[in-house]
Amino acid sequence: MAYFLETLVSGLFAGVMYSLVAIGFVLIYKASGVFNFAQGAMLLFAALTFVTLVEKGMPFALAFIVTSLVMVAMAILIEWLVLRPLRNRDPLTLFMATLGLSYVIEGFAQLLMGMDVHMLDLGIPDVAVQVGGIYVSQFDIIASLIALTLVATLAIAFNKTRMGISLRAVAADTLAAQSIGIRLPVIWRIVWSVAGIVALVAGLVWGSRQGVQYSLSLVTLKALPVLIIGGFSSIPGAIAGGLLVGATEALADIYVGPLVNGSVSTWFAYILAVGFLLVRPAGLFGDREIERV
Amino acid sequence: MTVAATSFLEIQNMEALYGQAILAVRDVSLKVEQGKIVALLGANGAGKTTTLKAVSNLLGPERGKVSRGSILWQGEPVSGLSASRLVARGVVQVLEGRHCFAQLTVEENILSGGFVRKPSRADLQRDVERIYTWFPRLKEKRKVKAGLTSGGEQQMVAIGRALMTKPSLVLLDEPSMGLAPIIVQEIFEIIRVLNSEQGVSFLLAEQNANLALRYADYGYILENGRVVLSGTAEELRAREDVQDFYLGGADLAKPH
Amino acid sequence: EDGTGQQLYPLFTYRTGPYAPSFIPFGAGNIDYLRYINEVEGGVDGVKILVQECETAYTIERGIECYERYKNGYNGALTAAIYPHSSGLDVALTDKARIDKIPIVSPGGGQNIATDGRVFPYQYPLVFDYWSEAQIIVDYIAQQAGGYDKLKGLKIATLYHDSGYGRDTIEPLGILAKKYGFEDIQIPVPHPGEQQQTQWQQIRRANADWVFLRGWGVMTPVAIKTAARVGFPADRIIGDIWSGSEDDARPAGAVAKGYLAVSVFPPGTDYGILKTLKANILDKGKSDLKDNSKFGTVYYNYGVIEAITFVEALRTGHKKFGNRPLTAAEGQWALEHLDIDQKRIAELGAEGLISPLKTSIDNHKGETIAAKIIQWNGQSWDTRTDWIKADASLFADVIKAKAAAYAKEKGIEPRVATN
Amino acid sequence: MTTLQESAPSKPLRQPALGVGTVAIITGLIAAFAVPALADDYWLSSIIIPTVIMGLAGIGLNLLMGYTGLVSIGSAAFMSIGAFSTYNLLLRAPFLPLPVVLIFAGLIAAIAGVIFGLPSLRIKGFYLGASTLGAQFLFEWLFTNFSWFSNDSQSLTISAPRLQILDYDLQSATGRYYLVIATTVLLIALAFAIVKSRVGREWMAIRDMDVAASVIGIRVARRKLLSFGISSFFLGIAGALWAFGYLGTSDAHAFNLDKSFQILFIVIIGGVATIFGNFLGAAFIVLTPILLHRLSLIIDLSFLGDQGALANLQHIIFGTIIIVLLIKEPDGLSSLGRRGVEALRSRARSSN
Amino acid sequence: MTGLLELHDVSLSFKGVRALNALSFSVAKGEICALIGPNGAGKSSLLNVINGVYRADAGDIVFDGLRFEAIHPQKTAHLGIGRTFQHNALFRRLSVRENVLAGLSRHGNASFLENIFRLGRDGAERLGFLARAERTMSFLGLDHHAGKIVSTLPYGLQKRVDLARALVAGPKLLLLDEPMAGMNQEEKGAMSRVIREVNRVFGSTVVLIEHDVGIVLNLASHVVVLDYGRKLADGAPDEVRKNPDVIAAYLGMVH
Ligand SMILES: Nc1ncnc2c1ncn2[C@@H]1O[C@H](COP(=O)(O)OP(=O)(O)OP(=O)(O)O)[C@@H](O)[C@H]1O
Ligand SMILES: Nc1ncnc2c1ncn2[C@@H]1O[C@H](COP(=O)(O)OP(=O)(O)OP(=O)(O)O)[C@@H](O)[C@H]1O
Ligand SMILES: CC(C)C[C@H](N)C(=O)O
Ligand SMILES: [Mg+2]
Ligand SMILES: [Mg+2]
């Protein structure tokens, strides 16, 4: 039982880590209907930029600000070079473009900053302490707090602010949004910038776990089932989906894995997600596609 | 009238293309004077929508462009202004068909129209309430996602949203399409009120020529992308050819 | 360019993807040594070496493409041997290599069963192999426990990279477990290994005494970090030779202190050949390294060692066939008759870097297999033990039997060892 | 209503198929005789064969995505099923001739396709796309975790046990080329037959507006599953050819997510809802990296420092080309071809 | 009352919105019945319930003697219910001919293998389909546009293609959702004639939603008025027009 609990708890924490990555996706999807596969590459890029600056002797806070600015610059470039020429194109084309983009960003990240493994120490102890029979690390708690804060802030921003409404309006109907004076380029730049900064946060958390290196860009694949379950367009869904995926995946790995001689973590979350979709076709909190005839 | 006569919106010999090759508007010249309601009539595919989009700079997203001629808004070429700048300068278009933001609630849709002006919270709320007094039906549905409302309700949302920008010229594309007669009348009454009380001008594309000419001051008739006829509303209504073609046989035209 | 008169060295790279950080220094070690041979020594017995890169991204599929591209040489330069830099690819190429008659060389990796050169004429798991590694690990643990008899009841968990490379120790550990009575726990980590929470929980739950970490790339630092999170002590984890570089331990941060690893490619710059390379290549700005601090690291030195085996094989071949580029058939003969003895090692300036290597038709791996155990002190590696030799007789029968079975299945007539 | 049924159609039934037909025959003849004679081994086995096979895989996905409007990001999984089925059938049922094995392998993939197509009855768009990743990861895992599928080979690789038809050995580059090209030609013909049939029309109807399709009586669910089945059939055979007609040796990871993305690129870049466009897309995917590599040999790029930088530069260029193509050729490369043909035709006309 | 179509206490709601509220009425075989009412009254929803796109919460429907509570849209097609849509629901990237041919799907009985390999029943089916499609297209004056992709056609023509697609299968009941929206008077007149013709020549019963009251009163023999999902009036056109409730809720002031 204790073991079960422990697995569950550590799964939940792992889920929070997935959520951190998923949030960036949701942002862009919600505000532009683009399924941004380059999110992983952005994460890598942000984290690499950050450690490179830190290794050059920059203090953490400054490095964070500078990296954020770099991500904003990147957002502006992406809007200008990719999104604007592709506006009003079908979502699949945009998805493919973000795939192309991920090659470009990954390439640049490594071209500019090398392929070494960098150590990143955020100064948060990542050693387990026993709390009521289960091991928890301070790092997990802080990561969860970060994720929750991000989610809360972004959810409020999206639902309550003018900017949020404009973002959603653009995603719903770009032409109509333009017709009432919403400026698409501005909106896109903002969303991609915010997504870039979220990527930086996620990149730092993940990077301090596994070192900052190419593999960071692969965490996208972990975030996808989270998105499916939570709903592509729901920010709270990213958390809910993350927790669900994290917990069930951990349990499955422990209890099912041995039966099939191996770890099931590469696919389990996906199959779970498919099962989930059969019951709720737009995920837990996603907007159902509105189709009226 | 004399001051206002300096033209507000002026289109000169405009030609418009879609995707480099499809000629949608061949030669359109028209004028909207301040404080007037101008009707743009014509059959399906005559080029009404294209003309309106050319004015509001929304052809770009459809891969269309103005290839010849000019469009002047208060003496300034619109080509130099972005769609959003135009809105800020008082030109707003209500798109044909129900282009509302499906995933946003009715109220959010309406609110979104107010953002360009950057009003205060209180002002924004007051403006929304004003829209609700015109379209009480929308108030009932304020929390409903716009995509789930009926066709007519969506049309009202689109108009209400555009009015939120406090325009001085509204480009209204087929407002009557799919609306119940009572709503159509309401909408046209609202147009009249806005026009007379607040001096808002309208350029109105309509199939229902009969109705449009009843409210308009002036009319243009398009055929195959050309202006073939223009005149004051009374003149047009009086002409026999117009009667036959656009106002329909008397039996069908009169609602009762 | 024209390669006529040159010897081709098809360099299978993975400069992109998750394993690039490992490859980059060992690619550089290779290239630097060959540059040195070409530019300072004027080639191998006068024969210049043409290096052609081919990116495999550590995937088998692309590796096969690379193999196809270079198996027949390049612009007139001849192929004498191919170094796939991946055990999985090594295995995958077994059949093709037999048909095409191209030697496949995997120093420090490859398949142990191919030690039997009578059945595997084209496979060369030179220097070291993972079965021996398993043996050495068990040896070390026994040493720590106070003797082989103390192994009984111990629990040794192997956390392996789920690939051809990673799976290679399952069988020998099974055999060893039976022999010594320890409990053998095998836990796979899916590629690339950036999440290992549940695996480590399993390890803790099983109350493992030791963990044999058969990692690769990002898997290693994540393993060390995750171990710390579940409270598993670092000094009870013994890394594989590919989990034992500076880049494996350093990113894990402070918790890596005490982490152990098997070492066959000793780090350091204090060897004659490294000094030569530094003077002739590195200091002249001709090194393939971008980051000179990687000079003398585990992976760099591995690259140098690998290149030495290639060059020495060519030399062996030249003695028999004359000083000209070797064909694959000649390369195969040469690889089978390698004899790098202490004297030659001294001439090479590689004392302490490599141990003697002598191959024969019977033994494609080399006769003595040994490794040291090293420990991470937070900054660098300290050597913990002297060379621990793997007892070749232990698996000899198993290997023979397996090879024979393989030969039977494939219809291969084992060669007779006549010299 | 009977009156409507009886009278004869007012227009000829068949559209003039002359153009397509002749082009097809000429291409076929070139493929059969000229190509193997002109191309050397390297070209044949490293460029032409993979292009053709990937084009075939593209057709597979295009039938699903371009014609039925169902997005799949897991196409490579069905290729792997085809490859592993072929391997096991050849190994375990030695009496079966190769063509029969290929068809069976396609059918096995088709069954898997139908099963993994079931979610499409409930979900759409990216949700569906993302859920097909389930197939992608599940099969990659299945074929690596259960060594039975690779006959317990230690590296979990499978290699062509025998590649022959009626004692004619197809191991050589030319032999493999003939195997690939013959299979592909047959499957292209099949693809055309399908999309021109009622089935194809109903697929497109579902793609364009599924509610309306269902309201007019199209059996939407069955048609979607059929589409998954047929698409996977093509992919399965393409997978078998990839493993044995091209690589010779393969493993489950050869059919990883990257391959699925490549197939997606082929469809989008080649042209959605086209058949021949897939081969243009495939040529792009196969040739671009090779050309970039060649280019790097010609142009002096030493200022970049090292080969790793070069690899990254190639990455960047590849990504950029993809984006540029998406921007400049919204309808895919096939429209480029169509424009070319039109230009030629109009020139021919004007010179008359 | 026995009609071709009968509704008994049909209700439908969406998250609190009552789109249909215990609605009952009957449509006689062979008549043209108009459905009018304010926007959002539930007219389109009603059509959607009848042909299975929506599932009623309560009540049942009798069509041609068959009683059902919920039905799959495909099934309704096979029963002989045809339908056009308020918002364009054509197969955008297909030609006019293909759109119309698709409308015949319910008559297809060749298996997919026969269809693909052009075996067995496919030949007859193909010829039969083409013949029927051509007839329908020429009946609606679409023959000159047969090969065009529908998304390139003007709106009015698209509406006609929609009608052709529904008509080609020979429906017993034809549900038309605002077939004349966005047309000018002349086009509306033409469309009215077509509908009357369809009703007369093919004997299809028609249920029609239309906001142009002039047209409706001219065309329909039976008018049902909905408001807030309830039936406000039901009867002959002239009665309905004079009904004060209808004037207040729908027609508005007479100008
Ligand atoms: N996005 C587009 N791409 C290509 N052609 C278009 C596009 N939009 C309109 N057209 C064509 O341009 C011409 C004019 O169309 P427009 O929409 O301006 O007419 P309209 O008068 O508004 O007609 P309606 O009454 O049907 O709305 C038509 O022939 C139409 O087919
Ligand atoms: N799919 C749906 N989801 C939620 N609400 C819906 C849905 N379909 C219809 N409704 C609601 O049902 C009510 C009736 O809508 P319906 O479309 O049937 O009206 P209508 O009478 O056809 O109006 P119009 O004349 O404007 O087309 C509306 O309030 C609408 O919001
Ligand atoms: C360089 C390689 C031989 C190492 C690798 N881990 C393998 O054995 O596959
Ligand atoms: Mg229009
Ligand atoms: Mg309606």
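Quick note on labels: first sequence line is chain A, next is B, and so on, each numbered from 1. Values below: every heavy atom of this structure, side chains too, minus hydrogens, waters and symmetry copies.
Most heavy-atom pairs under 4.5 Å with chain D, from the set A/I271, A/L99, A/L221, A/V274: that is A/L99. Ranking A/S102, A/G100, A/G114 against chain D, the residue ahead of the rest is A/G100, based on heavy-atom pairs under 4.5 Å. Per-residue heavy-atom pair counts under 4.5 Å with chain A were compared for D/L264, D/L121, D/I321, and the maximum is reached by D/L264. Put simply, of D/T144, D/I322, D/I123, the one with the most heavy-atom pairs under 4.5 Å next to chain A is D/I123.
Between A/F35 and D/F126, the ring-plane angle classifies as parallel under the 30° and 60° cut-offs. In this pair, A/Y103 and D/F265 present their aromatic rings tilted. The plane angle is within the 30 to 60° band. Note: D/F261 and A/F37 have perpendicular aromatic rings, judged against thresholds of 30 and 60 degrees for the angle between ring planes.
Contact detail for A/I228 and D/A130: the closest heavy-atom pair is CD1-CB, 3.3 Å. Between D/N312 and A/E106, the shortest heavy-atom distance links the atoms OD1-O, 4.5 Å.
Qualifying ring-ring contact (aromatic ring centres under 6.0 Å, His included) partners for D/F149, counting only residues two or more places apart in sequence or in other chains: D/F143.
Remark: side-chain polar atoms of D/Y127 are not paired, donor with acceptor, to backbone N or O of A/I229 under 3.5 angstrom. In this structure a side-chain-to-backbone donor-acceptor pair under 3.5 Å is missing from D/R122 to A/L277.
Of the atoms belonging to D/L326, heavy atoms from both backbone and side chain fall under 4.5 Å from chain A. If you measure heavy-atom distances from A/Y29 to chain D, the contacts under 4.5 Å come from the side chain alone. In this structure, the portions of D/I316 lying under 4.5 Å from any heavy atom of chain A include both its backbone and its side chain. Of the atoms belonging to A/A97, heavy atoms from both backbone and side chain fall under 4.5 Å from chain D. For chain A, no part of D/F139 is nearby; none of its heavy atoms comes within less than 4.5 Å. Both the backbone and the side chain of A/P91 come within contact range of chain D, with heavy atoms under 4.5 Å apart. Only the side chain of D/L257 comes within less than 4.5 Å of a heavy atom in chain A; its backbone stays farther off. In this structure, the portions of A/L278 lying under 4.5 Å from any heavy atom of chain D include both its backbone and its side chain. Looking at D/I268, the atoms closer than 4.5 Å to chain A (heavy atoms on both sides) all sit in the side chain, from C-beta outward.
Looking at D/E140 and A/T266, their side chains never come closer than 4.5 Å, going by heavy atoms from C-beta outward.
Below 4.5 Å, heavy atoms of chain D meet heavy atoms from A/L81, A/V82, A/P85, A/L86, all part of residues 74-86 of chain A. Heavy-atom neighbours of chain A within the stretch residues 63-73 of chain D, taken at a separation under 4.5 angstrom, comprise D/M65, D/V71, D/I73.
To the nearest 0.5 Å, the span separating CD on D/Q136 from CH2 on A/W267 amounts to 14.5 Å.
When the shell of 6.0 Å around CZ of A/F108 is examined, it contains 12 or fewer heavy atoms from other residues, nucleotides or ligands.
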Show me the side-chain donor-acceptor pairs of residues 215-224 of chain D shorter than 3.5 Å, one per line, residues at least two apart or across chains.
from, atom 1, to, atom 2, distance (Å)
D/R223, NE, D/E202, OE1, 2.8
D/R223, NH2, D/E202, OE1, 3.4
D/K224, NZ, D/S120, O, 3.2

